[in-house]
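Have a look at the structure that comes next, please.
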Amino acid sequence: MRRSTVRNGSIVAVAATVLSVGAAAPPTATPPPVKEPVAVGYGGAVASVDADASAAGIEVLRKGGNAVDAAVAVAAALGVTEPYSAGIGGGGYFVHYDAGTRTVHTIDGRETAPRSADANLFVENGKPIPFEEGMTSGRGVGTPGTPATWKTALDAWGSKPLRTLLEPAGRLARDGFTVDATFRAQTAANEARFRDFPASSALFLPGGQLPAVGSTFKNPDLARTYEKLAREGVGALYKGPLARDIVNTVRTPPVRDGATRVVRSGDLTEGDLAAYETERRRPTKISYRGLDVYGMAPSSSGGTSVGEALNILERTDLSTASPAAYLHRFIEASRIAFADRGRWVGDPAFEDVPTRELLSQRFADSRACLIRDDAVLTSPLPPGDPRNPAACAAGGTAAPTTYEGENTTHLTVADRWGNVVAYTLTIESTGGSGITVPGRGFLLNNELTDFSFAPANPAVHDPNLPGPGKRPRSSISPTIVLDRHGRPVLALGSPGGATIITTVLQTLTGVVDRGLPLVEAIAAPRASQRNQATTELEPGLWNSPLRGELEAIGHGFRQNPEIGAATGVQRLPDGRWVAAAETVRRGGGSAMVVRPVH
């Protein structure tokens with residue numbers, strides 16, 4: 001693998017060995033495409049968690065499609081092979097670099113609450129309902145944004161019609177894909193929920209059994225739904241028979257006779273679907289080590305939180321810091337960024353979000369001075385005031401970080417013209433709401449559970465309470481990094497709920513500051529601090545001497561077996577692209593390029 005460092009805002013390649021993989025043939029059930037975590041070459045690059053999905057993107061790139069076209073094809077294929085993480089019943093955030101204008105654009109395709117929703121959406125008898133009962137219900141389902149995101153992206157920057165881009169995914173749904181251990185394990189984790197909904201049980205538990213590893217999994221209902229979208233356009237999901245099916249499923253969840261689970265109805269209407277619109281937002285932007293880092297603005301907290309943490313770290317030379325000192329600074333910067341996002345970030349249509357001030361270096365400096373090399377900040381840490389920064393201010397009332405589901409998926413694409421897409425899409429929890437739309441082949445999201453069920457702290461305004469048509473706050477952090485000439489250097493993202501922010505931050509600093517090859521920065525054991533009393537560690541750090549070094553200055557830890565599942569692409573100085581994905585997490589990811597080189 002090539003080893004990379006950043007000097008004066010550009011990537012400088014250091015000699016090493018390159019691991020590469022050829023572009024796979026169009027996806028088929030048998031045999032599945034080869035799954036490799038890194039590929040280097042020309043003509044375009046795709047990285048996702050799934051080999052069939054990555055192959056769908058490569059197929060589009062080989063036929064002359066651009067990065068936006070390929071991203072839509074990959075996303076549609078992930079709706080088949082990763083149905084518990086993404087699909088047309090969910091939403092997401094799309095970040096696009098346009099090589100012709102050297103500009104970055106973003107699409108907010110987040111799900112929205114019904115227009116009847118208020119701050120008490122999840123409150124009954126004066127108390128928040130149990131989270132589990134919000135998770136598996138019609139109450140947690142927001143208006144899906146994924147199909148509208150595809151249309152917005154293709155109308156703005158695409159070169160191929162949607163019907164063409166849905167062909168690889170349609171084949172996968174019709175002909176099937178090979179079940180792997182991760183798919184079976186995720187099905188098993190949802191088995192009890194799926195059995196309570198006849199449509200979910202029939203689809204995901206064929207013959208009443210968990211799908212066997214190595215078997216072929218088919219979804220003919222989804223194939224027909226994709227055919228409908230290909231024929232009629234994505235508007236077919238927002239108006240007409242398909243929209244009615246979604247609304248009926250939310251308002252009267254189809255629960256099996258005899259089920260004892262409490263499954264609440266939702267209040268989604270056909271009017272809510274018909275009124276849905278994506279938002280073209282200005283990306284967040286900060287400068288870091290001479291590079292321009294672009295991210296997703298609110299309603300996501302990803303761009304502001306990653307950006308603030310990078311600004312905090314800007315004053316420290318992380319390239320020469322010891323591993324323990326690097327992790328200490330990374331953890332503390334994350335803690336501070338989460339303290340501030342909890343107070344200030346929500347849907348900007350409802351909340352006065354100080355995005356520019358959160359991303360100012362002045363505010364970051366006022367927060368960075370809280371960090372000491374020989375001590376640890378107390379959590380939950382109170383927020384700062386980005387509009388009136390006070391150096392080292394530590395007063396005020398903290399707003400603890402609320403829970404977010406950890407399953408989502410991220411894809412990253414580059415094309416031969418230099419266009420880049422970083423796209424994170426989700427249905428929230430693993431398996432979303434657990435409710436499949438009967439006859440349509442896809443799960444509905446439970447994204448509204450990303451709202452605060454009640455104020456995180458009654459003494460502090462909570463910008464993330466539900467509201468009519470409101471978008472719940474997200475941690476999704478698709479990120480594109482440009483050099484000082486406006487050319488792409490790196491693009492990345494990850495699933496993982498609130499851990500998305502820390503995963504992107506750790507991976508990005510791993511490449512930029514620590515000189516790791518992208519695939520190694522992705523594979524490195526992770527830590528995640530989200531303004532909580534303890535920091536989560538993966539086993540690679542939990543079992544490392546670094547834990548003892550950090551505990552000696554006051555850090556507390558708890559173990560998390562797996563944090564995130566990142567993918568990314570990187571442009572090398574000679575014009576080649578590196579595509580990189582996980583080596584182990586979620587069974588390993590899939591990186592492919594159009595023309596591989598060794």
Among Thr225, Asp245, Ile246, Thr146, side-chain contact (heavy atoms from CB on, under 4.5 Å) partner for Leu237:
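Going through Thr225, Asp245, Ile246, Thr146 one by one, the side-chain contact (heavy atoms from CB on, under 4.5 Å) with Leu237 is satisfied by Ile246 alone.
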
Under the salt bridge (charged side-chain N to carboxylate O under 4.0 Å, His left out) rule, what pairs show up with a residue in residues 152-166, not counting sequence neighbours?
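For residues 152-166, and leaving out neighbouring residues, the salt bridge (charged side-chain N to carboxylate O under 4.0 Å, His left out) pairs sorted by first residue read Lys151-Asp155.
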
Do Thr426 and Thr408 pair up side chain to side chain, a donor and an acceptor below 3.5 Å, judged on atom types alone?
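Side chains of Thr426 and Thr408: pair found under 3.5 Å.
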
Any residue meeting side chain to side chain donor-acceptor pair (under 3.5 Å) with Glu582, in chain and number order, not counting sequence neighbours:
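Glu582 satisfies side chain to side chain donor-acceptor pair (under 3.5 Å) with Arg526, Arg585 once adjacent residues are dropped.
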
Run Leu411 and Leu78 through side chain to side chain contact (heavy atoms under 4.5 Å, CB included) and show every step you take.
CA-CA 9 Å; Leu411 63 95; Leu78 287 168; 3.9 Å; yes

Checking the side chain of Asn190 only, and the main-chain atoms of Phe194 only, is there a donor and an acceptor separated by less than 3.5 Å?
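The answer is no, because no donor-acceptor pair under 3.5 Å joins these two groups.
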
Given 3.5 Å as the limit, does a donor-acceptor pair link the side chain of Asn66 with the main chain of Trp157, or not?
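Flag set: sc Asn66 to bb Trp157 pair under 3.5 Å.
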
Under 3.5 Å, is there a donor on one side chain and an acceptor on the other for Thr567 and Thr412?
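On atom types as modelled, these side chains qualify, holding a pair under 3.5 Å.
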
Only counting residues at least two apart or in another chain, list the ones meeting side chain to side chain donor-acceptor pair (under 3.5 Å) with Glu270.
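Glu270 satisfies side chain to side chain donor-acceptor pair (under 3.5 Å) with no other residue.
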
Partners of Thr101 by side chain to side chain donor-acceptor pair (under 3.5 Å), sequence neighbours excluded?
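For Thr101, the residues satisfying side chain to side chain donor-acceptor pair (under 3.5 Å) (neighbours in sequence not counted) are Thr103.
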
Would you sort out whether Leu203 and Asp221 count as a side chain to side chain contact (heavy atoms under 4.5 Å, CB included), showing the intermediate values?
CA-CA 9 Å; Leu203 176 57; Asp221 285 346; over 6 Å; no

Picking from Leu572, Val420, Val594, Val413, what satisfies side-chain contact (heavy atoms from CB on, under 4.5 Å) with Trp577?
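Among Leu572, Val420, Val594, Val413, the one that satisfies the side-chain contact (heavy atoms from CB on, under 4.5 Å) with Trp577 is Val420.
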
Does the pair Thr278 and Thr152 meet the rule for a side chain to side chain donor-acceptor pair (under 3.5 Å), with working shown?
CA-CA 7 Å; Thr278 59; Thr152 301; 2.8 Å; yes

Under the side chain to side chain contact (heavy atoms under 4.5 Å, CB included) test, which residues partner Glu132, sequence neighbours left out?
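Applying side chain to side chain contact (heavy atoms under 4.5 Å, CB included) to Glu132 gives Pro130.
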
Say whether, by atom type as modelled, one donor and one acceptor occur between the side chain of Ser137 and the main chain of Gly134 under 3.5 angstrom.
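Answer holds: yes.
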
Strictly by modelled atom types, are Asp272 and Thr143 linked by a side-chain donor-acceptor pair under 3.5 Å?
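No, because no side-chain N or O of Asp272 sits under 3.5 Å from a partner of the opposite role on Thr143.
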
Using the rule side-chain contact (heavy atoms from CB on, under 4.5 Å), only one of Val95, Thr502, Val504, Thr424 pairs with Ser477; which is it?
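Exactly one pass, corresponding to Val504.
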
Side chain Asp196, main chain Val255, donor-acceptor under 3.5 Å:
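The answer is no, because no donor-acceptor pair under 3.5 Å joins these two groups.
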
How long is the straight-line distance from CG of Leu443 back to CG of Leu222, given to the nearest 0.5 Å?
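The CG atom of Leu443 is 10.0 Å from CG of Leu222, to the nearest 0.5 Å.
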
Contacts of Tyr93 that satisfy ring-ring contact (aromatic ring centres under 6.0 Å, His included) - sequence neighbours left out
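None.
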
Do Thr409 and Ser85 pair up side chain to side chain, a donor and an acceptor below 3.5 Å, judged on atom types alone?
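No, because no side-chain N or O of Thr409 sits under 3.5 Å from a partner of the opposite role on Ser85.
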
Could you tell me whether the side chain of Pro37 reaches within less than 4.5 Å of the side chain of Thr583, counting heavy atoms only?
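In contact.
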
Pairs touching residues 223-280 that satisfy ring-ring contact (aromatic ring centres under 6.0 Å, His included), sequence neighbours left out:
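Passing the test, one end in residues 223-280: Tyr238-Tyr276.
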
Polar contact flag, side-chain donor to acceptor under 3.5 angstrom, Thr81-Asp52:
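Result is no, nothing qualifies.
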
Can you list the residues that meet the ring-ring contact (aromatic ring centres under 6.0 Å, His included) rule with Phe183, with sequence neighbours excluded?
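Expected list: Tyr84, Phe177, Phe217.
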
Is Lys470 reaching over with its side chain to a backbone N or O of Ala117, donor-acceptor style, under 3.5 angstrom?
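A pair under 3.5 Å: no.
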
Only counting residues at least two apart or in another chain, list the ones meeting side chain to side chain contact (heavy atoms under 4.5 Å, CB included) with Lys228.
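Here the qualifying residues are Arg231, Glu232, Ala236, Leu242, Arg440.
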
Using a 3.5 Å distance criterion without hydrogens, assess whether the side chain of Glu447 forms a donor-acceptor pair with backbone atoms of Glu428.
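Such a contact is found between Glu447 side chain and Glu428 backbone.
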
Heavy atoms, side chains only, cut-off 4.5 Å: are Val141 and Leu448 in contact?
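When only atoms from C-beta onward are counted, Leu448 and Val141 do not touch, as no gap falls below 4.5 Å.
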
Below 4.5 Å, heavy atoms only, C-beta onward: do Arg174 and Pro220 meet side chain to side chain?
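No. Closest side-chain heavy atoms not under 4.5 Å.
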
Verify the distance criterion only: is there a donor paired with an acceptor across the side chains of Asp347 and Ser299 at less than 3.5 Å?
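Ser299 and Asp347 do not have a side-chain donor-acceptor pair below 3.5 Å.
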
So, Glu562 side chain and Arg586 main chain: donor-acceptor pair closer than 3.5 Å or not?
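Side chain of Glu562 to backbone of Arg586, a donor-acceptor pair under 3.5 Å: yes, one is there.
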
Compare all side-chain heavy atoms of Thr249 with those of Pro438 and state whether any distance is below 4.5 angstrom.
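Thr249 reaches Pro438 side chain to side chain.
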
Establish, from distance only, whether the side-chain atoms of Ser54 and Ser48 form a donor-acceptor pair under 3.5 Å.
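Yes, a side-chain donor-acceptor pair sits under 3.5 Å.
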
4.5 Å side-chain heavy-atom contact, Val262 and Arg264:
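Side-chain contact under 4.5 Å: yes.
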
First locate atom OG of Ser590, then atom CD of Glu36, and finally report the distance between them rounded to the nearest 0.5 Å.
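One finds 8.5 Å between OG of Ser590 and CD of Glu36.
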
Straight-line distance of Arg244 CZ to Lys239 NZ, nearest 0.5 Å:
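Nearest 0.5 Å value for the CZ-NZ distance: 12.5 Å.
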
Is the shortest side-chain heavy-atom distance between Arg115 and Thr269 below 4.5 Å?
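Yes, side chains in contact.
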
Side-chain heavy atoms of Ile107 within contact of Glu279, under 4.5 Å
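Of all side-chain heavy-atom pairs linking Glu279 with Ile107, none is under 4.5 Å.
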
4.5 Å side-chain heavy-atom contact, Ile427 and Leu444:
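The answer is no; the side chains never approach within 4.5 Å.
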
Kindly write out the residues that satisfy side chain to side chain donor-acceptor pair (under 3.5 Å) with Asn445, not counting sequence neighbours, or none if the list is empty.
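With neighbours one apart ignored, the set is empty.
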
Side chain to side chain contact (heavy atoms under 4.5 Å, CB included) between Thr216 and Lys218, worked out
CA-CA 6 Å; Thr216 298; Lys218 299 181 181 181; 4.2 Å; yes

Nearest-0.5 Å distance, CD1 of residue Ile500 to OG of residue Ser494
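Output value for this atom pair is 6.0 Å.
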
Side chain Thr449, main chain Gly140, donor-acceptor under 3.5 Å
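No; zero donor-acceptor contacts below 3.5 Å.
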
Evaluate side chain to side chain contact (heavy atoms under 4.5 Å, CB included) for Leu492 paired with Ile522, printing each intermediate quantity in order.
CA-CA 10 Å; Leu492 73 161; Ile522 289 172; over 6 Å; no

Backbone N/O of Arg195 and side chain of Ser201: donor-acceptor pair under 3.5 Å
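No, because the side chain of Ser201 does not come within donor-acceptor range (under 3.5 Å) of the backbone of Arg195.
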
Please check: side-chain N/O of Asn446 versus main-chain N/O of Gly432, any donor-acceptor pairing under 3.5 Å?
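Between the backbone of Gly432 and the side chain of Asn446 there is a qualifying donor-acceptor contact (under 3.5 Å).
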
Hey, could you give me each pair passing salt bridge (charged side-chain N to carboxylate O under 4.0 Å, His left out) that has a residue in residues 199-215? Not counting sequence neighbours.
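Those involving residues 199-215 do not exist here.
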
Among Asp450, Asp108, Thr112, which one satisfies side chain to side chain donor-acceptor pair (under 3.5 Å) with Arg471?
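Of the listed residues Asp450, Asp108, Thr112, the side chain to side chain donor-acceptor pair (under 3.5 Å) partner of Arg471 is Asp108.
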
Can you list the residues that meet the side chain to side chain contact (heavy atoms under 4.5 Å, CB included) rule with Thr136, with sequence neighbours excluded?
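Expected list: Arg193, Phe197, Arg261.
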
